[in-house]
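In this chain, residues are counted from 1 in sequence order. Values below: every heavy atom of this structure, side chains too, minus hydrogens, waters and symmetry copies.
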Amino acid sequence: MPKLAKELSAVQVQRLTRPGLHAVGGVAGLLLQVTATGARSWILRVVVGKRRRDLGLGGFPTVSLAQARERAREARSLIWKGLDPVAEKQAQRRALEQVQAIPTFDECARRCLASKRAGFRNAKHAAQWENTLRTYASPYMGQLPVNEVEERHIVNALTPIWEEKNETAVRVRGRIETVIGWATVAGFRTGDNPARWRKHLSELFSAKKKVQHHAALPYAALPGFLKSLRQQAGMAARALEFAILTAARSGEVRGATWDEFDLEAGVWIVPGERMKAGKEHWVPLSAAALTVLRSLPRTSDRVFPSPTGRALSDMALSAVLKRMEVEVTVHGMRSTFRDWAGETTAFDRETIEHALAHRLKDKAEAAYARGSHFDKRRKLMEAWATYCTTEPAADGAKVTPIRKKSGTRR
């Protein structure tokens with residue numbers, strides 16, 4: 001048992017200025033160390049196991065006499081329990097450093113998005129990915145260390161939007177799963193992914209999605225509609241007409257540039273970065289489609305520029321339909337083409353699907369881009385253009401929209 005020194009007061013300790021070690025009493029082994037430069041700090045001299053250890057308790061007067069005695073008592077209590085105060089302090093420091101090194105969910109989302117940004121089809125897709133997480137996930141888990149995100153946080157984020165905004169909720173869940181998966185691979189967490197769907201969140205949420213519908217024009221009404229469309233002035237009307245004649249997606253048409261076209265060969269080559277499937281798509285141009293292109297002024301590198309020279313917005317084409325008082329969607333025109341081709345022509349399914357730039361499940365997909373299969377698509381699009389430009393009957397079909405599920409291929 002170490003000999004207890006006389007217990008000094010705070011005033012007496014303040015007067016200790018001679019270099020060396022000064023016992024201050026109150027706790028066995030508590031010393032005030034004064035260096036040659038006049039700096040003073042607390043030392044607790046103890047025996048841990050069979051080794052003498054000098055434990056630093058902080059500088060004086062930042063750590064007061066009372067605080068030094070309290071820290072000394074805590075250290076001796078650990079020793080009495082068979083623990084090494086130095087090892088315990090180092091373990092606490094490592095634990096703190098580890099906690100500080102674990103990024104938050106928001107930070108992981110940022111890093112995950114940065115690593116995947118090159119794989120997105122366009123900047124808009126990346127922005128949607130980021131915005132949905134910020135809006136729907138961050139309020140519930142954004143500032144948590146990613147290794148502390150649990151199922152309850154994810155359930156709390158998804159529950160308010162699962163029924164009302166089901167499509168968005170499904171995407172948010174998938175994106176949360178991706179972020180947590182990234183964090184796991186990066187070494188920031190371990191164990192199962194709490195956002196996984198199969199046999200996990202699928203037990204809490206209904207898998208049924210609310211289906212949106214794209215209003216489509218009955219193909220019998222298409223010739224009359226196109227005749228009326230040609231009477232509409234403006235670049236948006238011409239873009240819509242061209243989209244119908246090529247069965248192309250709105251974004252593919254609105255983003256088209258003149259260097260994608262070979263008017264002599266009658267071919268439009270849409271680069272992969274502008275295609276939904278990410279693959280280059282060759283579009284055979286019918287005589288009617290070429291007529292539309294040759295009627296356009298070349299005031300920009302864009303084929304269908306807005307008044308500012310930028311690409312037309314999707315709303316610009318929708319506004320044409322609204323102006324014509326036709327309750328159909330631009331995308332629905334692709335369904336009109338699919339119905340017409342499937343119900344009234346002898347063209348095979350693969351030719352029709354490739355004309356719509358849908359992915360084919362077999363290895364024959366590449367063959368449909370060029371060669372004889374491309375010739376088949378050229379014949380199909382000429383037949384479509386001929387049908388579209390046929391003079392409508394006097395009692396032509398009414399422009400009554402039908403509904404197509406967006407769940408079908410787009």
Side-chain angles (χ1 to χ4, degrees), residues 1-112 114 141-150 152-153 179-180 182-194:
M1 185 76 178
K3 182 179 179 180
L4 290 178
K6 178 182 176 181
E7 188 169 337
L8 302 184
S9 67
V11 173
Q12 290 173 313
V13 168
Q14 184 67 40
R15 293 173 180 167
L16 296 174
T17 58
R18 180 170 52 84
L21 294 173
H22 303 274
V24 297
V27 179
L30 181 60
L31 307 169
L32 181 68
Q33 177 178 258
V34 182
T35 68
T37 63
R40 293 181 287 182
S41 60
W42 296 107
I43 298 291
L44 178 64
R45 180 163 288 177
V46 294
V47 176
V48 180
K50 295 182 179 180
R51 294 178 57 193
R52 193 184 79 174
R53 305 286 291 273
D54 284 350
L55 309 182
L57 302 180
F60 178 82
T62 303
V63 176
S64 67
L65 173 63
Q67 290 172 324
R69 283 170 174 160
E70 181 61 28
R71 292 183 182 185
R73 292 188 187 98
E74 291 174 355
R76 285 202 169 277
S77 176
L78 289 174
I79 296 171
W80 186 80
K81 294 176 182 178
L83 301 175
D84 184 344
V86 174
E88 289 297 308
K89 187 175 182 180
Q90 291 173 344
Q92 291 176 1
R93 184 181 295 112
R94 285 194 299 270
L96 178 61
E97 290 173 350
Q98 185 177 15
V99 169
Q100 291 173 338
I102 298 296
T104 63
F105 176 86
D106 278 351
E107 175 62 17
C108 285
R110 186 189 67 77
R111 295 193 204 176
C112 177
M141 65 196 79
Q143 296 307 307
L144 286 176
V146 72
N147 62 337
E148 295 182 14
V149 175
E150 300 174 355
R152 60 190 176 90
H153 300 119
V179 171
I180 293 178
W182 178 92
T184 301
V185 174
F188 297 131
R189 60 176 292 137
T190 59
D192 292 334
N193 193 319

Sequence neighbours excluded, which residues qualify as side chain to side chain donor-acceptor pair (under 3.5 Å) partners of R73? none

Which residues share a side chain to side chain donor-acceptor pair (under 3.5 Å) with E70, sequence neighbours left out: none

L21 side, atom CG; L16 side, atom CG - distance, nearest 0.5 Å: 11.5 Å

Atom CG of N147 and atom SG of C108: how far apart are they, to the nearest 0.5 Å? 9.0 Å

Among all residues two or more places apart in sequence or in another chain, which pass the side chain to side chain contact (heavy atoms under 4.5 Å, CB included) test with S41? Q33

Contacts of R69 that satisfy salt bridge (charged side-chain N to carboxylate O under 4.0 Å, His left out) - sequence neighbours left out: E7

Contacts of T37 that satisfy side chain to side chain donor-acceptor pair (under 3.5 Å) - sequence neighbours left out: T35

What closest approach, in Å, do P103 and R111 show between heavy atoms, and which atom pair accounts for it? CB-NH2, 4.0 Å

Going by the salt bridge (Lys or Arg N to Asp or Glu O under 4.0 Å) test, which pairs reach into residues 13-28, not counting sequence neighbours? none

Minimum heavy-atom separation for E150 to R152, with atom names? OE1-NE, 2.9 Å

Suppose the criterion is side-chain hydrogen bond (donor to acceptor under 3.5 Å, both in side chains): which pairs have a residue in residues 22-32, not counting sequence neighbours? none

Hits for side chain to side chain contact (heavy atoms under 4.5 Å, CB included) against Q12, two or more places apart or cross-chain, chain-then-number order -> L8, S9

By side chain to side chain donor-acceptor pair (under 3.5 Å), E74 pairs with (sequence neighbours left out) none

Applying side chain to side chain contact (heavy atoms under 4.5 Å, CB included), can you list everything that pairs with V63, at least two apart in sequence or on another chain? W42, Q67, A68, R71

Closest heavy-atom contact between A10 and L65? N-CD2, 3.6 Å

Point-to-point distance, once rounded to the nearest 0.5 Å, from CG of L57 to CD1 of I43: 7.0 Å

Restricting to pairs with a member in residues 20-49, which pass salt bridge (Lys or Arg N to Asp or Glu O under 4.0 Å), not counting sequence neighbours? R45-D54

I'd like to know whether Q14 forms a side-chain contact (heavy atoms from CB on, under 4.5 Å) with F60, so could you lay out the CA-CA distance, the side-chain angles of the two residues, the decisive distance to 0.1 Å, and finally the verdict. CA-CA 9 Å; Q14 184 67 40; F60 178 82; 3.5 Å; yes

Smallest separation among heavy atoms of C112 and V179, with atom names: SG-CA, 4.2 Å

For V146 versus F188, what's the shortest heavy-atom pair and its separation? CG1-CB, 3.7 Å

Residue list, side chain to side chain contact (heavy atoms under 4.5 Å, CB included) with A75, at least two apart or on another chain: L44, L55, P85

Looking at V149 and R189, what are the two nearest heavy atoms and their distance? O-NH1, 3.2 Å

